[in-house]
Asks: 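I'd like to ask some things about the structure below.
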Amino acid sequence: MPELPEVETIRRTLLEKIQNQTIKEIICYHPDVLINQENLSLNDWLIQDIRRRGKYLLFDLTKAEQSTTENNSIVAMIHLRMTGKLLLEDTIVEPAKHTHVRFILNNGGSLDFNDVRRFGRVTMFSAGNEFSDRGYATLGPEPLGDDFTADYLIKICQRFKRSTIKGVLLNQQAIAGIGNIYADESLFRAGIKPDQKAGEISEELLTVLHQKIREVIAEAIGHRGTSFRDYVDGLGNKGFFQLKLAVYQKDGDLCPVCDTTIEKIKVAGRSTHFCPNCQK
DNA sequence: GCCAGCCTGTTG
DNA sequence: CAACAGGCTGGC
């Protein structure tokens, strides 16, 4: 479900509410969803910080009471995949259908990981070991970071020159955090057809695309993400970038720029929306 | 690179 | 009923 702007919005809403609270206990209702390979303690962890990298959320946890014999610093890595949600509850309530992991908080409430399709995961690591996760360790640069430059985009399009440009944007090793919505919207704004081969796009156009990616991601964060079907942030609030979408899920509608009918095709295995007049 | 598979729910 | 859904992995 969520891409970078949604995960970032979740991070911000949760951080404001639960930083410096203690996770008294972690309860797992479905063994596939919580991975605790190192057999780390699941009790009494202070939430120091919540970070985001690409579409991953990282909870930095320290032992509420320091010990010399145990790990005092661990990371809970959460990936929401398609339908994962993190929801704060003020009191202990009956777990909702599809709630698979529950973090019991010291304020009498809980943070619940809920995921209909069960693609998402909560993985516990001792601090530093999160890099043993291949998907995490190989993430490309953050689209809003200093190391995501136009030159970098040009370089990465050379490296994946046989791939479609949309395939490059969706490749988390190339750029971290872009998914189907923001790939389509960035390519629309840059005037690039999603099935163009990455190696056949001019440097000038890739420089425009670089700028449009940053623009779209920043705007979407400003709008607290896109609630197309069921995305909500950590407090259950919807985003409103769906009001700004030009092409995503707009097939059959008219292009906001030129009134041509938006089309839908399959690119890189994903449904892809574009304006056949604006995008070449 | 591509694409089936992982899951359940919703929509046509 | 089949097709599809905001993601990623692993096996060709």
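Here is how names work: the chains are called A, B, and so on, in the same order as the sequence lines, proteins then strands, and each is numbered from 1.
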Asks: Quick check against the 3.5 Å criterion: does A:His100 have a side-chain atom that pairs as donor or acceptor with the backbone of A:His98?
Replies: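 Yes, A:His100 side chain to A:His98 backbone: donor-acceptor pair under 3.5 Å.
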Asks: Would you grab the first and last nucleotide of DNA chain B (5' to 3') that comes under 4.0 Å of any non-hydrogen atom in chain A?
Replies: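 From 5' to 3', the first and last contacting nucleotides are B:dG1 to B:dG9.
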Asks: So A:Tyr248, base contact, sugar-phosphate only, or nothing? Heavy-atom distance under 4.0 Å.
Replies: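 Sugar-phosphate only.
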Asks: Please determine if a side-chain N or O atom of A:Ser271 lies less than 4.0 Å away from the OP1 or OP2 oxygen of C:dA5.
Replies: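 It does, given that an N or O in the side chain of A:Ser271 lies less than 4.0 Å from OP1 or OP2 of C:dA5.
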Asks: Nearest heavy atom decides the nucleotide; on that basis, is A:Arg117 or A:Gln172 closer to the 5' end of DNA chain C?
Replies: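 So the residue in question is A:Arg117.
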Asks: So, OP1 or OP2 of C:dG7: does either fall under 4.0 Å of a side-chain N or O from A:Arg270?
Replies: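 The answer is yes; a side-chain N or O of A:Arg270 sits under 4.0 Å from OP1 or OP2.
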Asks: Can a salt bridge be assigned to the pair A:Arg53 and A:Glu142 using a cut-off of 4.0 Å between side-chain N and carboxylate O?
Replies: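 Looking at A:Glu142 together with A:Arg53, the answer is yes, because their closest N to O distance falls below 4.0 Å.
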Asks: Mind checking the P distance from C:dG11 to B:dC7? Whole angstroms is fine.
Replies: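 One P to the other, the span is 16 Å.
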Asks: So do the side chains of A:Gln21 and A:Trp45 get within less than 4.5 Å of each other, counting heavy atoms only?
Replies: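 Of all side-chain heavy-atom pairs linking A:Trp45 with A:Gln21, none is under 4.5 Å.
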Asks: Within the structure, does a side-chain N or O atom of A:Arg134 lie under 4.0 Å from either OP1 or OP2 of C:dG10?
Replies: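 Checking A:Arg134 against C:dG10: at least one side-chain N or O falls below 4.0 Å of OP1 or OP2.
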Asks: Write down the distance separating the P atoms in C:dT9 and B:dG9, rounded off to the nearest Å.
Replies: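 Approximately 24 Å lies between the P atom of C:dT9 and that of B:dG9.
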Asks: Quick one: label A:Gly269 by what it contacts on the DNA or RNA (base, sugar-phosphate, nothing), any heavy atom closer than 4.0 Å.
Replies: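 Nothing, no heavy atom under 4.0 Å.
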Asks: With a 4.5 Å heavy-atom cut-off, do A:Arg214 and A:Leu144 have their side chains touching?
Replies: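 With C-beta onward as the side chain, the pair touches.
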Asks: Does A:Thr226 reach a base, just sugar-phosphate, or nothing at all? Heavy atoms under 4.0 Å.
Replies: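 The answer is base, as A:Thr226 lies within the cut-off (heavy atoms under 4.0 Å) of a base atom.
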Asks: Output yes when A:Arg12 and A:Glu8 qualify as a salt bridge under the 4.0 Å nitrogen-oxygen rule, no when they do not.
Replies: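 Yes, A:Arg12 and A:Glu8 are salt-bridged.
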Asks: Can you tell me which stems DNA chain B forms when a stem means 3 or more consecutive Watson-Crick or G-U pairs under 3.5 Å?
Replies: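 Counting only runs of 3 or more consecutive pairs, the stems involving DNA chain B are B:1-6 with C:7-12, B:8-12 with C:1-5.
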Asks: Considering residues at least two apart in sequence or located in another chain, which fulfil the side chain to side chain donor-acceptor pair (under 3.5 Å) criterion with A:Tyr248?
Replies: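 Expected list: none.
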Asks: Looking only at side-chain N and O atoms, does A:Ser41 offer a donor or acceptor that is under 3.5 Å from a partner on A:Lys63?
Replies: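 Side-chain D/A pair, A:Lys63 to A:Ser41: present.
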Asks: Need one value for A:Lys264: base, sugar-phosphate or nothing, where a base atom within 4.0 Å counts as base even if backbone is also close, heavy atoms only.
Replies: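 Answer is sugar-phosphate: A:Lys264 comes under 4.0 Å of backbone atoms only.
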